[in-house]
Undergrad: 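Before anything else, here's the structure in question.
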Amino acid sequence: LYNLTRNLRNRVARNSAAVLACVTGVYICDVLVVLEPSVGTITNLLRIQWIGIAFLPSAMFHLSDALLETTGLPSRGRRRRVTRIMYLISAGFTLLAAFTDTLIIPTVEGTRFGNVRAGIAWPIYLAFFAVGIVSAFINVNRARQRCLTRDTRRRMGYLQIAMLTAPGGTFPFAVLLGFGGVNSVGTLLLVNASNLVIILMLLFLSYPLSFFGSRQPDRLVKTDLLRFMLRGPSTAVLALIVIIFTRPAAEIIGLPGQTFMPFAVVAVVLIWQWGIALG
């Protein structure tokens, strides 16, 4: 959302928004699966999230091409043709995942846990994923080497490292595990820890991308990004924390938790926004 509201005419901003959209789509489907819908809905969600999984390598390569172009090395047709071919392949994988069991086979244990098993086309996707991500990483490294100033080279280096977070957050590791491995305590702890790292790295990814196409001084760009993070995601996280913990905390002191919760959420949001305004 942050990228879509600023510098939308800039190619790097548009392509980075596409990469983050792929990651966001995968995580939204994961969240909906955790809400324990019907078996049919779980199966559909496991297939739908492959839109983001299938298109991520293509979006990553497209972003790396845009970064190379910003350093004065536009495509002479070859990278553009490769990008189009990759998007066509991604569309093919999406159709296979959505309507057939050739790529993935969604399975549900009982009425709660959903997982996917590999189909016969899984090794082909694995090779496509590896080639796309490695090629994107190489292109960003070329772009970093072409940067003329120390600051831009440093930011491109940040971007090169942070870009690895997107494939790490969307790669379907569950295909490599059975139900016992997915639902074990060790795996769940590892997944939650990796999710936290991915969230922080995605925030780190937005930092260097915010400078591309901007005509504002660096100081204003940093301030704008920080203000958005404080007023947007930070406010949402605080509200969520209050919703989760207000009820048991209020019952300890003798207050009806469900009734007290709206007051607590409004109070915390207002105080937080007031603190941001003072800062």
Side-chain angles (χ1 to χ4, degrees), residues 1-8 10 12-35 49 52 56 63 151 154-155 157-159 161-170 188-214 216-250 252 255 257-279:
L1 292 176
Y2 178 75
N3 284 345
L4 289 176
T5 54
R6 57 189 309 277
N7 299 331
L8 191 56
N10 181 262
V12 173
R14 292 196 305 270
N15 293 347
S16 63
V19 171
L20 294 177
C22 292
V23 178
T24 302
V26 173
Y27 272 85
I28 287 177
C29 290
D30 283 341
V31 170
L32 295 178
V33 168
V34 173
L35 298 180
Q49 73 174 176
L56 181 70
L63 174 59
D151 289 340
R154 185 186 69 251
R155 290 169 188 157
Y158 294 159
L159 183 59
I161 297 173
M163 279 181 66
L164 296 177
T165 306
T170 58
L188 293 176
L189 290 175
L190 179 62
V191 167
N192 282 281
S194 63
N195 284 341
L196 179 60
V197 173
I198 289 169
I199 290 172
L200 296 176
M201 290 298 289
L202 288 176
L203 297 178
F204 185 64
L205 176 63
S206 65
Y207 170 72
L209 287 172
S210 61
F211 291 92
F212 288 95
S214 177
Q216 296 179 329
D218 289 359
R219 177 177 57 83
L220 293 181
V221 173
K222 296 177 183 177
T223 302
D224 186 45
L225 177 61
L226 179 61
R227 184 182 297 112
F228 172 81
M229 297 307 302
L230 291 175
R231 292 190 179 278
S234 298
T235 303
V237 170
L238 280 175
L240 180 60
I241 291 174
V242 173
I243 291 173
I244 293 175
F245 293 105
T246 293
R247 184 172 181 177
I252 292 176
L255 293 174
Q258 194 67 29
T259 306
F260 183 72
M261 185 187 303
F263 169 78
V265 172
V266 172
V268 168
V269 169
L270 288 177
I271 294 173
W272 176 253
Q273 297 296 325
W274 177 60
I276 294 173
L278 291 179

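The figures here come from the full heavy-atom set of this structure, side chains too, leaving out hydrogens, waters and symmetry mates. Small disclaimer: the values here were computed from a predicted structure and weren't measured.
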Undergrad: If you take all heavy atoms of Gly52 and Cys22, which pair is closest and at what distance?
TA: O-CB, 3.6 Å
Undergrad: Less than 4.5 Å apart, any side-chain heavy atom of Leu35 and any of Leu32?
TA: yes
Undergrad: Determine, step by step, whether Leu230 and Thr235 satisfy the side chain to side chain contact (heavy atoms under 4.5 Å, CB included) criterion, reporting the C-alpha distance in whole Å, the side-chain angles of both residues, the deciding distance to 0.1 Å, and the verdict.
TA: CA-CA 7 Å; Leu230 291 175; Thr235 303; over 6 Å; no
Undergrad: Would you name the heavy atoms of Val26 and Gln49 that are closest together and state the gap between them?
TA: O-NE2, 3.3 Å
Undergrad: Determine the minimum heavy-atom distance between Trp272 and Ser234, stating which atoms define it.
TA: CZ2-CB, 3.9 Å
Undergrad: Let me confirm one number: the CZ-CG distance from Arg231 to Leu226, rounded to the nearest 0.5 Å.
TA: 10.5 Å
Undergrad: For the atom pair CZ (Phe228) and OG1 (Thr223), what is the distance rounded to the nearest 0.5 Å?
TA: 15.0 Å
Undergrad: Going by heavy atoms in the side chains, are Val269 and Leu238 under 4.5 Å from each other?
TA: no
Undergrad: When rounded to the nearest 0.5 angstrom, what is the spacing between CD1 in Ile271 and CH2 in Trp274?
TA: 8.0 Å
Undergrad: Report the distance from atom CG of Leu220 to atom CG of Leu225, rounding to the nearest 0.5 Å.
TA: 12.5 Å
Undergrad: Work out which heavy atom in Ala264 is nearest to a heavy atom in Val242; give both atom names and the distance.
TA: CB-CG1, 3.7 Å
Undergrad: What are the two closest heavy atoms between Ser16 and Leu63, and how far apart are they?
TA: N-CD1, 3.8 Å
Undergrad: Decide side chain to side chain contact (heavy atoms under 4.5 Å, CB included) for Asn15 and Val19; before the verdict, give the C-alpha distance in whole Å, the side-chain angles of both, and the deciding distance to 0.1 Å.
TA: CA-CA 6 Å; Asn15 293 347; Val19 171; 5.8 Å; no
